Every structure is written in C-alpha cells, then in structure tokens.
Amino acid sequence: RLHRSDRAQCLQGSGSVPSVPFENLAIDLAGELAKLKGVTFGSDHEFQQKISDIFSRLKDPHSIYVKPECYQPFIFAVPFRLNSTLENGAQVLRLDTLVPAYFTAHPEARDYLGKRLLKIKVDGTFIDPLVAIGDWAEKSCYFSKSQAARFNQAIKQDYWVRSMHLYGIPESNSTTVELETIGVVELPWLGLTGTTINGAADFASLCPIVNESASTANEATHHGGPSPIEMLRSGHPTEPVRRMMEQLRGPAFLREEPRMPASNGDLSVLYQDTIFQAFLYSHASTGSSDPAVPKTAMLRLASFMHTDAYQYQRSLIAAMKAVALAAPERFIVDVRGNGGGVVVRGYELVKYLVPNMFPLSGEYDVRHNDVLDVFWSSFGGTMQADWISHKGYTDWYYPGKNRTFTNMSGAKFNHLFSSNFTLLSDLSFLEANPSPITFDPQHFAVLTDGLCGSTCAAFSKRLHEAHAAKMIGVGGVWVNGTAPTAPFDIASFAGGSVIDSQLIDQIRDQVKAQAPQYLHVVPPQLPRNGYLRFAFYDLYAWDWTVRQKGIPLEFLVNPADWVIPTWPAANDLTLNLLTSVFKLSAPYFDKCASWEVKYDAACTPIANGRAGRPCDAATGTFDTTRCAFLDCLAGYYKNADGACVEVPSTPVSSGLPWWAYLIIGLVVFAIVCAVVAVIICCCCCRGRGQNKSSGGVTLGLPPSSPTTNPVYAAAA
C-alpha cells in the first residue's frame, strides 16, 4: 500500500501500477465464498455485505451480488453533492445541494453551499479530498476496472450516495470535512427510503426464506413472449439487462430528466426525443483568450436500452437529418454516463455513422457448464453465425475449445469454452436510409467519461480499434493541473449478454413443470431473494494483433487520445456545461491523434486500400514526408495478413449449393404433407373413441433439430 503522501501523485498512474492492467482483479470467487462457511456474523446484513464485497472486487457491474429485497429500498446520503472543476490550474471540489429538505431543518448548512472542500478526515487524519475519494473508489466502487472511471462515478454519485442493495452502512454517523472559510464541520449521513416499513414484521416480509416447493416464475412477465429458456438460448435475456440498467441509473431521487438548454447565439438544439438529442455549437472569437469554435454538432445518447428496433432506427435517422441540415464541420458523439443496453443497437449506430465498417459485430464465446450443456444440446442446438463469413453453423458449442488462465500466484487452470461466433442484427432499414452526413476521423470524436459501459463499450471500442474517431475523455484525477498520465480507458465492462439468478429461477420453474428430468442441472434458488448477475458471453477485440492474444475486451485498455477537465454532473446538458465541453474539445480537432492517418492521393496504397500521411505525435501534426496505410476501399476489409480483401457476400445460414436447398425444400414439403396426413388421421380416430392423451412438452423448442436462422441477439 502506498504511503498517503505518495498517493496523490500515483492516482494519475494507477492504471500502470500494477504494470499489467487489472491484474489485481484476479479473484477466486469459489475460494472466497468458501471462507465464509462456519463464520459467525453479527447480523444478516453483515453476512450479505460480505458476499457483496467479494463480487464488487471484480469491478464489473455485469458480475455482482444484489442483496435481498429488504435492503434494496434503503439509501444513505450526505445532503450535498460534489462538483469538480479546474480552477487556477488545480482540481477542486465544491459542495452543492443534494437533499433540499435538509436545509429546512438546518438552515446554517446553506452556508456550506459552493464552498471548496479542503480536507476529509479518514482514520483520524485529515487528507486531500482527491486522495480520500480516490482511495475509497479504489476499494469500494464496483463500477469499472479503470481508476479514472471509478473516480468519476464516485464524484457523480457513489461516494456521497450509497444504495444499500450493494453498499454497506456508513461506518459513522457523519463525515468530518474542512471547508474553505468555514473550517471543520460534520456532514451527516441521512437514511432515505421510498418504502413504508412499519416495524420488523414489514422488514422481514421483504426478505422471506425461499420455499423451494413454491413456483417463483413471474408468469405475467412472459405472457405472450419468449419463455425463460428461449431467452437464454436465443441470446435475448432482456429482463436481466433491464434490472442492470435500472440499478446503474442510481436512486430515483437523483434522476433528473435532461433539461434542454435554451438556444442562444452560440448553442442551439437541433433535435430531441426520448432516445437522441442533437446540438449545434459555434463561436466567433472576440479576442486572443476567446478562440473561435467552428460549427460543431453533438449527438447525445444516454442509453442503448431500446428494444424496439424500428423506433430506435427512426429516431437515429431523424436526429442525423437534423445534424446534416445544420451542415457542421465537426461531429461529437456524447456517451457520457451511457451504461449500455441492447448490444445490436450499438452495432447499428456504428454502421450508420461509419457505413464501410467490417467486421461490425464483435466475436464472442461462452463458457461450457451443466445448464448450457443441456439447453444447447438436448433441446436442439441454436445456429450461430461465423464472425467473418456470417455463415451459420450449429457445431459452435460442441466440441468447444480449452482456454488456459493464470492466476496471480502463477497457477494455471483451464475451462472449456464454445467456438467463437458473432451476433447479427437486421441492418436493412438503415442501409436503405443511409446517413445524410458522415465524417472522417479528422472531424469526428467520441466524448466519454469512462462510464460508457457494456453495449456502449462495444460501440466506442469498435470505433477506436477501427481508427474511425478521436477519443476524448473527461474527468479523472488531475494532479498539479495536468491530465491523467495513465491510460484513460474509454469504456468499462465490455462484455456480452448478462443473465442473473432471477432468470435462472424462472428457468428452473419451467424445467420443473415441463422437463423435470433436467432439473438436476439447474442451480438451486438462493435462500433469500437476493440475486447474482453475471455476463455469459466474452467479447473479443476486432484488431487482429490484439485478438491473437486471446484476451477478452473487458481486460484491454483502449486509451483516450486526450482528457479534458470537466466532470460528471447532475445534469450534463445545462447551457454552461455543454458550452464548456464544446470549447474544451475544440483544440483537439486541430491536432492529430497518434494513430491518425490523413488521406493523401500522392501516397501509394496497398491493393484495394488507401494511404495517407501519418501523425507526428510529438507535434500533433501530419508528417508530409511519410506515407502509411489508411484503410481499405468500400467493400473490402483488412484481414489477419494485413491485406485488403473483399467483404463476404450477404450472410447466409449455411454454405450449401442451390440444388441442395431445392432437395431440402422438397424433403421438407414431403414431411409437412405426411405430418398433416397423420394429424388428420389422429383427429378422425379421436372422434371415434373416448381415449384421451397428453402430448409431450418441448419447452417451446424443437426437441432434436436446430433452428435455422442465425441469432439476432440482444445483450448488455
């Protein structure tokens, strides 16, 4: 552990300490949980919190333990929120209103508003608040593997507002701080809840001991829709995704509906609906300290949690038409605070903004286990699609492949995983309605606070690896007025579909009722109504040189090109904050990123490709004396050998010749005719007799044959 006097400087570089990113996150979950056996806890909450802490050490919102329902209504909060700014070359924290009602009973506390936070008392010692909050985020904030993102999340919410479903009870009744011009004061922790609980009986009723003999499935949830098993097998577990997104939004009293700023001479609102908002900013210089900002458009997307593809695509098209009409010179996609959603929505946005992107969707695999072994084999193997050819195949799960892992002590272990596959989405509508405006990397940037997660991570990291846009990070810890020097990961928890034990409980109920012979492979329900959430697909990088290392994308750092001094706020869409973002981002459109290449017809390209002038990272300008590969022509992509080869034709479900499909069609037609004849015969026989029979149940799935279409999957 670093001495406190060293930690302020090291907060910047924690991404490189340890030298291998995230190596300190290797956790033996089974071993840690086994240590709890035989331990006596002072209360049920103490036990529940211990389990939560073990999973929180993974720093992955996909993989957490949510405490039982009786703890979920409770929130602990200090009545102030934090605003972080850069003032006179130093990062400072100031207090702002969080719980207005507090000031009615404590009017003297109004004097604290706007005051700079100078020190926080930790373990009896006053220390720098950046160090105190950074230490807490390092230890307790589960939101990201990236230090900068954890700090941003702590400033935004988690250090001062803690939901009890994940975090524990504060260690003391108040936090002691030192404020400028005020001195030392106590900031109390308030207990908040939106649920009426009249005594211990009400509390206990929210956390009943599970009765295994009772059904736990919520029939209404799935009425008219896919069954739990169908969702698991098809890759459409939308309910766990919704539960995750609801938690990532934070407590309800913190949720402020985006208030669109009023248009003024510099800033205007181009478009807004429930999915997208678009803005335009331009500024004419009035002096040397007030530089001009060319016309810059921003597309804001707070979430990818939109299951209606048609609505999402129509909204995207309308927003980009409004952007095109404004004729901006520069374009920013703002994904600050975007926690993810439906993964194909992210890939659709990539394709719409960069039409020649290929491969588009990521490459995935899934770990073998008893549950999947049954549901992907006994009930018929779902067809998946190959990453490059998009041809469907059914042997992606079996026989599988071994992957070897090394833990922190150097011990090696391995697990069996599926072969790799991809997730496809229907892009026909977007392809028929292409974006009216596109931008090259010199005029295209993504704005991120590192809290862009899950689907948002797939979106931003795909653009990053394709060198399609500049990446501008915001926030983190600034030491002596300088931006974080360690890699600022542009996104967090980049994974595949999420599932949770609540869905597993529904699957067990369905299996118990319809196929009890497989009940032994389904995990038992937790003894109370807490639940586990975890990702069951691994997502890999698109870049060939990185992919060959076999490291899932969530363990790779995709560093921002630059970081600007603005931090998450209660409402990022205020006039002042939006104006600040546009102004702070503007200089980086005039610089080139280290990876950037600017097209130049004078450079000789490789076959089916383009070349240009590479960036001189030392000067931030393009080197006109050298040439480098830029990209492949439309209809081509760069393969593992570095050659531009033709993009495969329209995806098909198999590689059979046309005559094979004809034969299959004739055979299927004959089988259908035979089945119809049998049904008619059975009906006639049933009409002549009184015998009754009940048909076998197939859980809504083919009992032995696979489905014939690639999976169009939704994931977080």
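Remember, it's a predicted structure, so these values are computed and weren't measured experimentally.
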Measuring from Tyr364:OH to Thr422:OG1, what's the distance to the nearest 0.5 Å? 6.5 Å
Asp53-Tyr142 side chain donor-acceptor pair, cut-off 3.5 Å: no
Between Glu348 and Arg345, does at least one N-O distance fall below 4.0 Å, as a salt bridge requires? yes
Test: Asp505 and Arg508 ion pair at under 4.0 Å: yes
Under the 3.5 angstrom rule, does the side chain of Arg533 hit a backbone N or O of Pro61 as a donor-acceptor pair? yes
Is there a side-chain contact between His306 and Gln311, using heavy atoms and a 4.5 Å cut-off? no
Is the side chain of Trp542 donor-acceptor paired with the backbone N or O of Leu360 at a distance under 3.5 Å, no angle test? yes
What is the minimum heavy-atom distance between Ala494 and Glu554, and which atoms define it? O-CB, 3.2 Å
Between Tyr397 and His368, how do the two ring planes meet: parallel, tilted or perpendicular, split at 30° and 60°? parallel
In this structure, which one of Gln48, Gln49, His165 forms a side chain to side chain contact (heavy atoms under 4.5 Å, CB included) with Tyr71? Gln48
Just wondering, are more than 12 heavy atoms of other shown residues or ligands nearer than 6.0 Å to NZ in Lys139? no
Tell me whether Arg57 is salt-bridged to Glu32, with the criterion being a basic N under 4.0 Å from an acidic carboxylate O. yes
Heavy-atom count check: over 12 atoms from other residues, nucleotides or ligands less than 6.0 Å from Arg314 CZ? no
Could you tell me whether Asp538 and Arg403 make a salt bridge, using a distance below 4.0 angstrom between a side-chain N and a carboxylate O? yes
Within the structure provided, determine whether Val342 and Thr455 are in side-chain contact (heavy-atom separation under 4.5 Å). no
Given side chains that start at C-beta, do those of Asn558 and Leu553 come closer than 4.5 Å, heavy atoms only? yes
Would you check if Val498 and Phe534 make a side-chain contact, meaning some heavy-atom pair closer than 4.5 Å? no
What distance do Leu519 atom CG and Gln510 atom CD have between them, rounded to the nearest 0.5 Å? 12.0 Å
Does Ser501 use its side chain to pair, donor to acceptor, with the backbone of Ile504 at less than 3.5 Å? no
Just by distance, do the side chain of Ser418 and the backbone of Val366 share a donor-acceptor pair under 3.5 Å? yes
Answer yes or no: is there an ion pair linking Lys461 with Asp489, defined by an N-O contact shorter than 4.0 Å? yes
Answer with yes or no whether the side chains of His62 and Ser454 bring together a donor and an acceptor at under 3.5 Å. yes
Under 3.5 Å, is there a donor on one side chain and an acceptor on the other for Lys67 and Gln72? no
Do Leu36 and Ile54 come close enough that some side-chain heavy atom pair is under 4.5 Å? yes
Does Ser163 reach the main-chain N or O of Ile75 with its side chain, forming a donor-acceptor pair under 3.5 Å? no
Rounded to the nearest 0.5 Å, what's the gap from OG on Ser146 to CZ on Phe493? Could you check? 12.0 Å
May I have the step-by-step check of side chain to side chain contact (heavy atoms under 4.5 Å, CB included) for Phe421 and Tyr537, ending in yes or no? CA-CA 10 Å; Phe421 57 91; Tyr537 284 169; 3.7 Å; yes
Could you check whether any side-chain N or O of Gln313 sits under 3.5 Å from a backbone N or O of Leu430, counting only pairs where one atom can act as donor and the other as acceptor? no
Kindly assign one of parallel, tilted or perpendicular to the pair Tyr312 and Phe304, based on the angle between their ring planes and the thresholds 30° and 60°. tilted
If you take all heavy atoms of Val335 and Cys452, which pair is closest and at what distance? O-CB, 3.8 Å
Which heavy atom of Ser361 sits nearest a heavy atom of Tyr347, and at what distance? OG-CD1, 3.6 Å
Hey, are the side chains of Arg528 and Pro208 touching, using non-hydrogen atoms and a 4.5 Å cut-off? no
Which pair of non-hydrogen atoms, one from Leu301 and one from Leu349, has the smallest distance, and what is that distance? CD2-CD2, 3.9 Å
Lys145 vs Asp60 side-chain heavy atoms within contact, under 4.5 Å: yes
Straight-line distance of Ile275 CD1 to Met305 CE, nearest 0.5 Å: 11.5 Å
Can you tell me how the ring of Phe74 sits relative to the ring of Phe203, calling it parallel under 30°, perpendicular over 60° and tilted otherwise? tilted
I would like to know whether Arg367 and Phe417 meet side chain to side chain contact (heavy atoms under 4.5 Å, CB included); could you show each step before the answer? CA-CA 4 Å; Arg367 180 177 166 182; Phe417 281 74; 3.5 Å; yes
At what distance, to the nearest 0.5 angstrom, does CD1 of Ile64 lie from NZ of Lys59? 12.5 Å
Over all atoms of both residues, closest heavy-atom pair of Val344 and Leu424: CG1-O, 3.9 Å
Show your working on side chain to side chain contact (heavy atoms under 4.5 Å, CB included) between Met164 and Ile169 and close with a plain yes or no. CA-CA 7 Å; Met164 202 173 174; Ile169 300 172; 3.7 Å; yes
Between the side chains of Asp158 and Arg150, is the shortest nitrogen-to-carboxylate-oxygen separation below 4.0 Å, so that they form an ion pair? no
So, do Asp395 and Ser419 sit near enough that their side-chain heavy atoms are less than 4.5 Å apart? no
Reported CG-to-CG distance for the pair Asn529 and Leu206, which is rounded to 0.5 angstrom: 8.0 Å
Do we see a donor-acceptor contact under 3.5 Å between the side chains of Ser389 and Asp386? yes
Taking it one step at a time, do Leu526 and Tyr65 satisfy side chain to side chain contact (heavy atoms under 4.5 Å, CB included)? CA-CA 11 Å; Leu526 297 179; Tyr65 173 70; 4.0 Å; yes
Identify the two heavy atoms, one from Asp426 and one from Ser428, that lie closest to each other, and give their separation to 0.1 Å. OD1-OG, 2.7 Å
